[in-house]
Amino acid sequence: MMRRDHSSLRKKGIYIFLLIFFVSFASTCAVAQDASLPITLEADRVVFFEAENRAEAEGSVVIKRADMTLTAPYVEYYVNDSMVFAQSKDNEPVVLEWGERILRGDKLEYNLMTQEGVMQNGSGQEGPVYVYGGDVMVAPAEAALEKGWLGKGDLKKTDKEAHVAVWERANYTTCDAPQPHYHLYTTKMTVIPGNKVVLKRPKVYMDGKLLFTYIFNYEVSLKEGKPGGPFVYQFKDDSDKGTGIIGYGPIVTDDRLSVNAHLAYWSDMNEEWILSGNYVLTDQWNLFASAAYLYNSDEDEKRYRPSWGAGYHNAGFSGRVHWTQAESVSIKKESGRTYNGVLWRSPEVELFTPWVDLTSKTKSRLALYWGHYEAMGVRGGDEASVDRWGYGFDFSTSFSPLDKKNNNFTPFIWSSYQWFKYDDPSQRQEIIDAIWGLRYRIGEFPMVTSYAQRWTTGESPMSWDDYDDRREIYQTVGIPLGSRWRVAVRMAYDFRDEHLDEIVGSLVYDEHCYAWEIIYKDERPLYSDDEDDWIGLRLVIKAFPESNITFGGEVEEIRSPAQEVGFIK
C-alpha cells in the first residue's frame, strides 16, 4: 500500500487535481471521465491509498466539477466508480451546490460522473421555498425519467442539466423564520427545478399543530407568474344558506390541463359542488368548461348549471366566447344592492384590445361585446330573450404620492364607459362609471377615502345588466392593535338614498409569514328585510413565491378592508 500524507496543505490551501488519478488508473475505472470537466479537490489534509484507489480528505474539504461544488469536513473518494462519501462533523454539514441550488445534510453518497446520490437528513432551498428533514435522492433529469420520478411531458419542460430531487418524510415551507410558522409535511415530495414541486397528500401544520390534510396531491408551480394553489377548507355563515364547510382547489394540474373542484355542505341547503376545467390548446387559445350544482336565492332552488367556451390571448389582445345554462349570477350594482338571478348566455363574445398609453400615467383599452341572453325582465316579469351589442372603454390613471418624503397621500382614479344596444331599436343604455380616491396615513392609522359616481342613460330589458345612477362615498380605516392584531372597517354611504348602505369589517391576526382574517359584511344594515350578509374566515400565507396563497374568504367578490389599507397585501 502506498500512503501519502499531505498535512502541509492545511496552510497552503493548494488544489489537488484528481484528474491525475483518472489518467493513472484509466484501466481500472468503471466509467470514462471527461477531460474537459476536471474534478478538483482541496482540503486541509489528504491521504491517498493507491492499492484501493481511494482518497480520504479532512478539514474544509471542497470538491468541484463543472457547476457542482461539494463541501464537507470529511470525504472519502473511490476512483474506480467515481463515488464520494461525505460525512458531517461537529455541526458542520455536508453541502452540495449546483449553481444557485443548495442541499445540506448529515451524510452524502454521490457519483460524480452520473451525478446521482442520496443525502441523509437533507435540507435545501429552491428560490423562496425551503425543504428540510428526511432523506433526499437526486439525479439528472433524464435519469429521473428512467426512475419514474417525472413524466416525459415534465422532461420537455426541465433543463437536462438540472438535478431532480425526491424527498422522503420531508417538510416544505416558504417561511424564512428560524422556527417556521407553518409547514407542510409529506411522505414523498418531488422537486423539479424551474418547473414544479409535487407533494403527496401533505399535512398542513400551523405553529406546530396539525391544521388539516390535503385530500389530493399538492402541486406548486415554480415557474414565474404561475403560483400553485392548494386544496383548502373554509367555514362560512351565509344569510341564505346557513352555516357551511367549503373545500376547493385543484385535483388535476398540468401545463395544459387543470381541473378544480369546489365542494360545500350547508346547514340549510345541503350540498353544492362545481367541477371546472381548463385546457391550453395553443399558445393563444384555451378551452374551458364547468359542471355545477348550485343554489340560487332568486329561484330558491338548486339545479345543474353547466358552462363552456374558449379564450384567446395574443400580443395584448384578449377575448372569449362563452356559453352558460341557468347560470347563477351575483352582480353588485352598488353598495347595499346586489342582483342575484339566473342567466343563459348562448353565446356571449367579448374582445379587448391591448392597453394604450394616453399619457405617461394614463392608459386605456377598447372592449367590444355581443351576446344572446335569456334572463329575467327589468321589472321581474317573464324571462326575456335578447340580443345585445356594445362597446366600451376602460381608463386607468396612476399618481405619485403627494407627500413624497413620507410616501403618503396617494391619489387614484379609475373610470369606464359602456354603450349597449338591444333588439328593440328604442332600447339603449349608456353607462359611465368613475371612482376618485386617496390613500393616506394619519399617524399609525392607514386610511382610504373614495367617491364613486355613475351616470346612466336609457335602460336594458334585462335586470342583470340594467344600471341606475350612483353617488356613494367609501371610508376605510385601519387600526393596529399591538404587534399582531389589526382591525379594518369600511363603510359606504349612499347620497341618493341618504343611507348607510354597507359595513364590511376585518379582524386580522398577523404572524410574520401568514395571517388569519375574519371578514364580516352587513349589506344595508338598517334594513332587516333586504339583507345579503355573510361572515367568513380565511388564511393568507404571505411568503409564497410570486403571490399570496389565500385560503377561503370572498376574494372573488369583495376586496377586504384589510387589503385596502395594506394590512394584507
Reference residue Glu272; test salt bridge (Lys or Arg N to Asp or Glu O under 4.0 Å); the match among Arg303, Lys241, Arg305: Lys241
Glu430 with Lys421: basic N within carboxylate O range, under 4.0 Å: no
Salt bridge present between Arg365 and Asp394 (N-O < 4.0 angstrom): yes
Derivation of the salt bridge (charged side-chain N to carboxylate O under 4.0 Å, His left out) call for Asp494 and Arg337: CA-CA 11 Å; Asp494 190 329; Arg337 288 187 173 85; 3.7 Å; yes
Salt bridge (Lys or Arg N to Asp or Glu O under 4.0 Å) partners of Arg484, counting only residues at least two apart: Glu511
Derivation of the side-chain hydrogen bond (donor to acceptor under 3.5 Å, both in side chains) call for Asn260 and Ser276: CA-CA 5 Å; Asn260 293 272; Ser276 59; 4.6 Å; no
Result of checking Glu459, Gln429, Gln427 against Tyr422 for side-chain hydrogen bond (donor to acceptor under 3.5 Å, both in side chains): Gln429
Over 12 foreign heavy atoms within 6.0 Å of CE, Met491: no
If we count only N and O atoms by modelled type, under 3.5 Å, do the side chains of [X] and [Y] hold a donor and an acceptor together?
X      : Y      : answer
Asp465 : Ser460 : yes
Lys361 : Ser400 : yes
Tyr205 : Asn171 : no

Aromatic contact, Trp436 with Phe412 (centres under 6.0 Å): no
Centroid-centroid under 6.0 Å between Trp485 and Tyr509 rings: yes
Identified side-chain contact (heavy atoms from CB on, under 4.5 Å) counterpart of Met447 within the set Gln475, Arg439, Arg441: Gln475
Thr173/His181 under side-chain hydrogen bond (donor to acceptor under 3.5 Å, both in side chains): CA gap, chis, key distance, verdict: CA-CA 9 Å; Thr173 186; His181 297 111; over 6 Å; no
